[in-house]
Trainee: 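I'd like to ask some things about the structure below.
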Amino acid sequence: MTIHWADVAAEKLAGQGPQTVATGITPSGQIHLGNMREVMTADAVFRALIDRGAEARLIYIADTYDPLRRLYPFLPKSFEEHVGKPLSEIPCPEGCCDSYADHFLLPFFDSLERLGIRPEVFRADRMYKEGLYVDAIKTALKRKDEIARILKEVSGRDLPPDWCPFDAICRSCGRLNSTKVVNFDLERETADYVCRCGHQGTASMRGEGKLAWRVDWPARWSILKVTMEPFGKDHATAGGSYDTGKRISEEVYDYPAPYPVVYEWIHLKGKGAMHSSTGIVVTIRDMLEVVPPEVLRYLIIRSKPEKHIEFDPGLPLLNLIEEYDRRAGEERALELSKVGAEGPSAIPYRHMVTAVQIAGDDPEKLLAVLERSGYETVKRDQILSRAANVRAWLDRYAPPFVKFQLQEALPSKVKNVDPQLRETLGVLAGRIGGKSAEEIHNEVYSVAEERGIDSKKLFQAIYVAFLGQKQGPKVGWFLASLGEDFVKERLLAASAE
C-alpha cells in the first residue's frame with residue numbers, strides 16, 4: 001500500500017525529538033488558494049506527526065516586516081509613497097484595520113480557523129521589536145564576510161565589499177530598502193546608516209531594521225527551532241534561498257537546516273499560477289463560500305506537494321466535492337482533510353445544485369425538495385451550509401448550461417414543441433405515479449421507445465415545459481424533486497397546448 005506523502009515526512013522526523021513545523025507567508029496582498037498549499041502542507045505533516053505520537057507544534061510566521069516591494073495593481077496611486085516601508089508600518093489600504101499587514105492577515109486567520117488549522121502565530125515585526133533577532137543580527141554582522149562568501153559560492157552572486165546583512169529602517173522616510181549600513185556597534189546593538197532620501201542616523205537592532213531575506217530565513221530557523229518547513233519551488237532551485245539558507249544555518253548559526261518539503265504552484269484554469277501581485281487569485285475566504293472546508297483541504301492534501309494542481313472552479317470542482325462525499329479518494333487523504341465532527345454529505349452535490357435552484361432562497365422548500373428526492377434532512381445545518389456553498393458556486397463559477405429557473409406557469413415556448421412530443425408528455429404524466437427518481441428517468445426512455453420518438457427530443461420537451469429551455473438537470477431526479485402532483489399537472493397542461 002502507498003504511504004501518504006505526509007506520513008512519509010512524519011516518519012523521517014518522528015523519533016528525532018520535539019518537532020517544530022513552520023510555515024509563513026508575506027501579507028503583501030490577498031492570501032490566496034496558492035498560498036494555502038504551503039500552510040496545508042505544513043498542517044498535514046503536523047497532523048501526521050501527532051498521529052504517530054510525536055511531540056510537535058505548528059507555527060506560522062507572518063513576514064510583516066518585509067517591505068512593500070512595488071505599487072501593486074490593486075493599490076491606489078497614493079500608496080506609491082509607502083513602497084519600501086515594512087508592511088506592518090503602512091496604513092490599511094481600506095482604512096478598516098490597524099495596518100496594511102493586518103488587512104490581509106486577519107481574514108486569512110479567520111479562514112485558517114474554519115479549516116481546522118490552529119498554529120502558534122509569530123509576527124516578524126514583533127519578533128524584531130521584542131529583540132528575538134538581536135543575537136542573530138549580531139552574529140550575522142560579526143560574520144558578514146563569511147555569509148557573503150557562502151552567498152557567492154552557492155548562488156554566484158557578487159556582493160560589494162561593503163555589503164551588510166542588516167537593513168536599517170530610515171527614521172526620516174520610513175523605508176527599509178533605501179538605506180545602507182556604514183558602521184555598527186555590537187555592544188550598543190546599533191547600526192549607523194545613510195539613506196537615499198538624504199537622512200543619516202543610527203538604528204537599534206531591536207526593531208529598527210531587519211536581516212536581508214537570505215539571512216533572515218536561516219536565522220529564524222535557529223531562533224524558533226524549526227525542524228520542518230514546506231516552501232515553493234522558487235526557493236528550491238539550485239543556488240536558491242534554501243540552498244544558501246542551509247549553508248548559513250549550519251555554518252554560521254550552528255543549526256541544522258529543517259527538513260524540506262517542496263511544493264508546486266496551484267494554477268487557476270486558463271489563467272496560470274496564482275500570484276496576488278498579478279491579480280490571478282482565488283482568495284481562501286471566497287473559496288470557503290463555495291466549498292466546505294474539508295473539501296478545500298482535500299483539494300490540496302490528496303496531491304503530492306511536488307505535483308502542480310490545475311484548479312478549475314467550474315464543473316471539475318463538483319467532481320472533486322463528490323469524490324470527497326463518496327469517499328472515493330485515498331482514505332488517508334480523506335482522514336487528514338477532516339475538520340471537526342462533520343463528515344461527507346450523503347446528498348450528492350449535483351443534486352444540491354438542482355434542489356437549490358428549484359427552492360430558491362426558501363430553506364423549508366429546499367428541505368421539502370430533498371425529502372421528495374428520498375434524502376434525509378436531519379442534518380439541517382449541514383444541508384443549509386452546503387446550500388449556501390451551492391448558491392455561491394452558481395453565482396460565480398457555474399457554466400450557463402447548468403443554470404435554470406423553474407417556471408411558475410407553463411412557458412409559452414411549449415407551443416413551439418412538436419405536437420407528437422406534447423402528446424407524449426401527457427402519456428408520461430400517467431406513468432410516473434409512485435416511481436423513484438431513477439424509475440422516472442427510465443420511464444422517459446421507455447415511453448419514447450414505445451412511441452418511436454427520439455428520447456433526446458423528449459427530454460428537451462420536458463425541459464421546455466418546466467424551464468422554458470431545452471436543457472436542464474438529470475430529468476428523473478429533477479421531476480422527483482418537484483412533487484408528483486405538480487409534475488403531472490404541468491405535463492398534462494403542456495400536452496393540452
Trainee: Would you say R350 and N319 are linked by a side-chain donor-acceptor pair, where the criterion is simply a distance under 3.5 Å?
Mentor: yes
Trainee: Does the pair D43/R47 count as a salt bridge with the N-to-O cut at 4.0 Å?
Mentor: yes
Trainee: Looking at E153 and R247, is there a salt bridge between them, counting it only when a charged N and a carboxylate O are closer than 4.0 Å?
Mentor: yes
Trainee: How would you list, by chain and number, every residue that makes a salt bridge (charged side-chain N to carboxylate O under 4.0 Å, His left out) with E130, sequence neighbours excluded?
Mentor: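 Partners of E130 under the salt bridge (charged side-chain N to carboxylate O under 4.0 Å, His left out) test: none.
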Trainee: Within the 3.5 Å criterion, strictly below it, is a donor on S241 or H235 matched to an acceptor on the partner's side chain?
Mentor: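 H235 and S241 do have a side-chain donor-acceptor pair below 3.5 Å.
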Trainee: If we check side-chain contact (heavy atoms from CB on, under 4.5 Å) with D216, which of these qualifies: L211, I137, D167?
Mentor: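 Going through the options one by one, the only one that passes is L211.
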Trainee: Is a donor from one side chain sitting under 3.5 angstrom from an acceptor on the other, for H308 and E310?
Mentor: yes
Trainee: With distance as the sole test, does R37 use its side chain to make a donor-acceptor pair with the main-chain N or O of E264 at under 3.5 Å?
Mentor: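 Answer holds: yes.
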Trainee: Checking T20 against R57: is there a side-chain donor and acceptor pair closer than 3.5 Å?
Mentor: yes
Trainee: Can you confirm whether D254 is buried at CG, in the sense that more than 12 heavy atoms of other residues, nucleotides or ligands lie under 6.0 Å from that atom?
Mentor: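 No, not enclosed.
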Trainee: Please report the shortest heavy-atom distance between G209 and Y128, naming the atom on each side.
Mentor: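 That closest heavy-atom pairing would be O-CD2, 3.5 Å.
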Trainee: Using a cut-off of 6.0 Å, state whether more than 12 heavy atoms not belonging to E376 lie near its atom CD.
Mentor: no
Trainee: Has the side chain of Y349 got a donor or acceptor atom that lies under 3.5 Å from a matching backbone atom of R386?
Mentor: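 Not at all, since once roles are kept as given, no pair shorter than 3.5 Å links the two residues.
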Trainee: Report yes or no: do D192 and T202 form a side-chain donor-acceptor pair below 3.5 Å?
Mentor: yes
Trainee: Look at the rings of F108 and Y60 and say which category their plane angle falls in: under 30° parallel, 30 to 60° tilted, over 60° perpendicular.
Mentor: tilted
Trainee: Which of these, W221, W217, Y263, sits in a ring-ring contact (aromatic ring centres under 6.0 Å, His included) with F231?
Mentor: W217
Trainee: Name every donor-acceptor pair, under 3.5 Å, that has one atom in a side chain of residues 181-188 and the other anywhere in the protein, sequence neighbours excluded.
Mentor:
from : atom 1 : to   : atom 2 : distance (Å)
D185 : OD1    : E187 : N      : 3.0
D185 : OD1    : R188 : N      : 3.0

Trainee: Can you name the salt bridge (charged side-chain N to carboxylate O under 4.0 Å, His left out) partners of K85, sequence neighbours left out?
Mentor: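 Partners of K85 under the salt bridge (charged side-chain N to carboxylate O under 4.0 Å, His left out) test: none.
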Trainee: Check the orientation of Y100 and F79. Use parallel for under 30°, tilted for 30 to 60°, and perpendicular for over 60°.
Mentor: tilted
Trainee: Give the ring-plane orientation class for H199 versus Y193, where under 30° counts as parallel, over 60° as perpendicular and anything between as tilted.
Mentor: tilted
Trainee: May I ask you to check whether R285 and S111 show a side-chain donor-acceptor distance below 3.5 Å?
Mentor: no
Trainee: With distance as the sole criterion, is a donor-acceptor pair present between the side chains of E306 and W5 under 3.5 Å?
Mentor: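 E306 vs W5: no donor-acceptor pair found between side chains.
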Trainee: Considering only NZ, NE, NH1 and NH2 on the basic side and carboxylate oxygens on the acidic side, decide whether E294 and K338 come within less than 4.0 Å.
Mentor: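 No.
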Trainee: More than 12 non-hydrogen atoms from neighbouring residues, nucleotides or ligands closer than 6.0 Å to CG on D98, yes or no?
Mentor: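 Open: at most 12 neighbouring heavy atoms sit under 6.0 Å from CG of D98.
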Trainee: Identify whether the distance between the nearest side-chain nitrogen and carboxylate oxygen of R206 and E189 falls below 4.0 Å.
Mentor: yes
Trainee: Less than 4.0 angstrom from a charged side-chain N to a carboxylate O is my criterion; do D63 and R123 meet it?
Mentor: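 No, this pair does not count.
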